[in-house]
Structure formats: C-alpha cells, structure tokens
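Only a predicted model underlies this, so the values are computations on that prediction, with no experimental measurement involved. In the text below, chain A, chain B and the rest are named by the order of the sequence lines, each starting its count at 1.
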There are 2 protein chains.
Amino acid sequence: MRVEQAEIARRVEKLKAASRAAGVKLTHQRLEIFREVASSVEHPDADAVFREVRGRIPTVSIDTVYRTLWMLNDLGLVATLGPRRESVRFDANLARHHHYICTRCGLARDFESAAFDALRIPDAVKDYGSVDSAHIEVRGVCDSCARKQCEKQAETDSKPPRGKQRSKSWPKRKRS
Amino acid sequence: MRVEQAEIARRVEKLKAASRAAGVKLTHQRLEIFREVASSVEHPDADAVFREVRGRIPTVSIDTVYRTLWMLNDLGLVATLGPRRESVRFDANLARHHHYICTRCGLARDFESAAFDALRIPDAVKDYGSVDSAHIEVRGVCDSCARKQCEKQAETDSKPPRGKQRSKSWPKRKRS
DNA sequence: CTCTTAATGCAGAATGATTCTTAAATGAGA
DNA sequence: TCTCATTTAAGAATCATTCTGCATTAAGAG
C-alpha cells in the first residue's frame, strides 16, 4: 500500500518550500529519502529507508539517511513514531490511563479521561488486527523544560547567530 | 510524587499471586524491583530502577533488573511505555491521525477518528506543560502475526512442554 | 556558467542500551 | 532439609546510532 501520487507531490512541494525557507540545499539524496518516507504508509525506520533509497542511489550512505531524516524531523516535515526514547520505560499502573510526554526531557506522567475511555475504537482499526489496549499520548514540553528554554533563549539572543550556519543550529540530540 | 501506600500494597499482592500462579520464585530482588516500579509515577527505565534498588540491595546486578522487568512485563504486572521499538521510525503524514501498532512485529498503520479529534484535552494535562499534539495509540496483534501464532501454537501443542521449565517459556525478545 | 561551501561518501571508531555467557554461590519454597 | 531456580560477577557481544577526518561532489547564489 502506497500513498497516492497527488499527496506525495504535495508533500514534496512542502519539502521544496521548507528547504528554501530554511536555507538548506535540496540534494538528490535528500529528495529521494524524503520521497521514500512520504510515499510509504509503513512508517519505515532509517534502515528500511536506506535499503529502498539504495535501489535508486546506490552510493547513499546510512549516515546521510540518518542525518537527513533528523533534519526533516527538525524542519517539521516528518515526525517520529512514538516518543523519543533513549531506553525502555516501565509502568506498573494497570488501571486505564493515558500519558503526557515531554518531547525534550522524556518526562512522562499519567492522566485520565473518562470521555476518551467511553469512545469506541473505529472499525477500520479492527481490519489491522486485534485490539489489546488504546490510550492517548499527549506530547508537549513540560514546564521545567520550558523554563530552561527561556534561559537558553536569553543567552542566544545576546550572541546573534547570524550568517549561513543555520545547518549547524539543529540541536544535537542528547545522549543520556 | 509517589503512589499511595495502599495502592502499592495492592500491587505487591498481585505480584505475589502472579508469581505463585506462574511458578516463579519471588526473590528479594524481584520484590524490590517491582516495588520500585510500583511506587513510582516517573515511569523509570531499567537504569533508574537499578540505581534505586541498589540503595536497598547493594549487590543487585543490572542484569537482574532487566531480566526481572521483562519478566514482570510478561506476567502482565508492568507495561512498557510506548510500543516496542527496535529503532526510530518516521512518519510523513502530517494530517491529524492515530496509530495502530502490532506489539509482535511492530507493524504500524494510520487511522482517523473524528470523534477523538473533537475531544478536549483534560485540564489536568495542562499542569504538566504545553500540548503540541495528542493522538491515540492502539496496540494489538496484527492479522499476520496472529496467523503465525496459530501455526506456532499447533507446533507447541504436539510437544507438550510439561514440568517446571515455565521460566524458560518467555519468548526471547527479538533482535532485528 | 562559475564559484563557494554545504553535503556526501567512506572507512573506521565510539557510544550506550541491552543481552548473553559461564561458572560459582545463594536462597525460595516444597 | 534439599533441590533447582535465580543471582552475581566479569566480560564480551550486539545493534542502532552518531561522529571523525578527509577527499569529492554538486546545489544554488551571483
């Protein structure tokens, strides 16, 4: 199952606009890597994208795939499935509940929603397979991280990062 | 913030019952490891549990923590936060949508739910931080995996795994 | 079309979470 | 009390992912 051509084209247009706006070069490999994610409904991982793209550009490196995927993520053109997760996290709350996840620090908190629990799972889902559980995942930036962000903001504002090093401005993803 | 004593006690009781039912020994370390997860609302990872438990049992090994956590997971006493994820997966669908995830093979598929999209996020969530997105995550076993399961079932049924090697019956988690 | 420099490819190494190995010591529960 | 599941220890292996130089290439501004 693939995404319809028209939709793919629309997504590619967005990529072009976003690249221009961000001042990054739209290379052949970036285009193909994006096209691969944009035309799939499989939610591929880096390696899957790599394998596919290699069919069209035999010399792509896995590095480029990773770098590009994260760049697309930073540009808001693709999203990751599930919260950022450095390691597996466990939960002993067996009652029906939902999660709030901070996309910066990984903070996770439970909350409840009777309104959601009353909802019926769409029938379309049952076509995929059995349903064991359903819960909401809310993503955002927690108060603590928001505060840190402000401090950093103030810092950055004093030394204006002008010029064309925008590509270096993507924050490195943390390692715990 | 910690879970209330009464609730912790209730969870520990469940552990005792489940251990007995499964025929596994309720060791000191298993109890403490479970108690740690059961009393936290932080959704700790293996290392966080390790660090805490080490305060009470200085000789615990990180191995035991991992083994125990997965055993608790297999017994249904704890769950993991987010779907099992061997690697990060990407999604270029920027429209509002939700996910169905197969807990066996990792298959991921999109679906929509106008009913959910119309729901308001509970106010309690806003206390944690800003809200960037909210979506449903449905977990289950996809049809393809369910079929494989049946085949395996048939196999297993012919060679009855009697005796006390139940502890060996937890399927090793796969590596891609 | 021609530069400038961002991006890529390559080879190899590092990292970090997680799992496994082996062998000896321990302790839960019948 | 005895047995066998479990734990520990110490080390190695795996795997996804990221990074380091460095030489090469090509996007896109002018």
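- For the residue pair B:His43 and A:Asn93, no side-chain donor N or O sits within less than 3.5 Å of a side-chain acceptor on the partner.
- Shown here for B:Ile8 and B:Ser39, the closest heavy-atom pair between the two residues is CD1-CB, 3.2 Å.
- Nucleotide D:dT6 holds its C1' atom 16 Å from the CD atom of B:Glu32, rounded to whole Å.
- An OP1 or OP2 oxygen of C:dT19 is reached within less than 4.0 angstrom by a side-chain nitrogen or oxygen of B:Trp70.
- Fit an axis to the five pairs at each end of the helix from C:dC1-D:dG30 to C:dA30-D:dT1 and the two axes sit 60° apart, to the nearest 10 degrees.
- Partners of B:Ser40 by side chain to side chain contact (heavy atoms under 4.5 Å, CB included), not counting sequence neighbours, listed by chain and number: B:Arg2, B:Glu42, B:Pro44.
- Within residues 44-57 of chain B, no residue has any heavy atom under 4.0 Å from DNA chain C.
- Partners of A:His135 under the ring-ring contact (aromatic ring centres under 6.0 Å, His included) rule, at least two apart in sequence or in another chain, are A:His99.
- One interatomic measurement links the two molecules: CZ of A:Arg20 to C1' of D:dG28, which rounds to 11 Å at whole-angstrom precision.
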Identify each atom pair where a protein N or O and an N or O of nucleotides 1-3 of chain C are less than 3.5 Å apart, giving names and distance.
none

Got a list of side-chain donor-acceptor pairs under 3.5 Å for residues 13-22 of chain B, not counting sequence neighbours?
| from | atom 1 | to | atom 2 | distance (Å) |
| --- | --- | --- | --- | --- |
| B:Ser19 | OG | B:Leu15 | O | 2.7 |

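- Side chains of B:Phe90 and A:Trp70 form a contact here, defined as non-hydrogen atoms less than 4.5 Å apart.
- Chaining together hydrophobic side chains whose heavy atoms lie under 4.5 Å apart places B:Ile101 alongside A:Leu81.
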What's touching nucleotides 25-29 of chain C from the protein side, N or O pairs under 3.5 Å?
| from | atom 1 | to | atom 2 | distance (Å) |
| --- | --- | --- | --- | --- |
| C:dG27 | N2 | B:Lys25 | NZ | 3.1 |
| C:dG29 | OP1 | B:Leu26 | N | 3.1 |

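- With rounding to whole Å, B:Ile33 atom CD1 is found 11 Å from D:dT6 atom C1'.
- Look at B:Glu137 and B:Arg139 and you find a salt bridge, because one of the NZ, NE, NH1 or NH2 atoms lies within 4.0 Å of a carboxylate O, short of that distance.
- Within the structure, every side-chain polar atom (N or O) of A:Tyr66 is placed at least 4.0 Å from both OP1 and OP2 of D:dT18.
- Residue A:Ser87 has no polar side-chain atom (N or O) positioned under 4.0 Å from OP1 or OP2 of C:dG16.
- Put simply, the side chain of A:Thr68 does not reach to within 4.5 Å of the side chain of A:Gln29, judged on heavy atoms.
- Inter-residue side-chain proximity for A:Val24 and A:Arg30 is flagged as met; some heavy-atom pair is nearer than 4.5 Å.
- Per the geometry, CG belonging to B:Leu31 stands 15 Å off C1' belonging to D:dT7, to the nearest Å.
- No donor-acceptor distance shorter than 3.5 angstrom exists from the side chain of A:Ser130 to the backbone of B:Gly140, with no hydrogens or angles considered.
- Other residues sharing a hydrophobic cluster with A:Ile121 under the 4.5 Å side-chain heavy-atom criterion for ILVMFWY residues are A:Tyr100, A:Leu107, A:Phe111, A:Phe116, A:Leu119, A:Val125, A:Tyr128, A:Val131, A:Ile136, A:Val138, B:Tyr100, B:Leu107, B:Phe111, B:Phe116, B:Leu119, B:Ile121, B:Val125, B:Tyr128, B:Val131, B:Ile136, B:Val138.
- An OP1 or OP2 oxygen of D:dT18 is reached within less than 4.0 angstrom by no side-chain nitrogen or oxygen of A:Arg67.
- Contact check for B:Ile33 versus B:Thr64: side-chain heavy atoms found under the 4.5 Å cut-off.
- Looking at B:Arg89, its side chain does come within 3.5 Å of a backbone N or O of B:Gly106 through a donor-acceptor pair.
- When the P atom of D:dA12 is taken as reference, atom CD1 of B:Ile62 falls 19 Å away, rounded to whole Å.
- Partners of A:Glu7 under the side chain to side chain contact (heavy atoms under 4.5 Å, CB included) rule, at least two apart in sequence or in another chain, are A:Val3, A:Glu4, A:Arg10, A:Arg11.
- Here the C1' atom of nucleotide C:dT19 and the CE atom of B:Met71 are 17 Å apart, to the nearest Å.
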Tabulated below should be each protein N or O lying under 3.5 Å from an N or O of nucleotides 22-25 of chain D; please produce it.
none

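- Partners of A:Asp47 according to the side chain to side chain contact (heavy atoms under 4.5 Å, CB included) rule, which considers only residues two or more places apart in sequence or in another chain, are A:Asp45, A:Phe50, A:Arg51, A:Ile62.
- We find that CG of B:Asp63 is positioned 16 Å from P of D:dA13, with the value rounded to whole Å.
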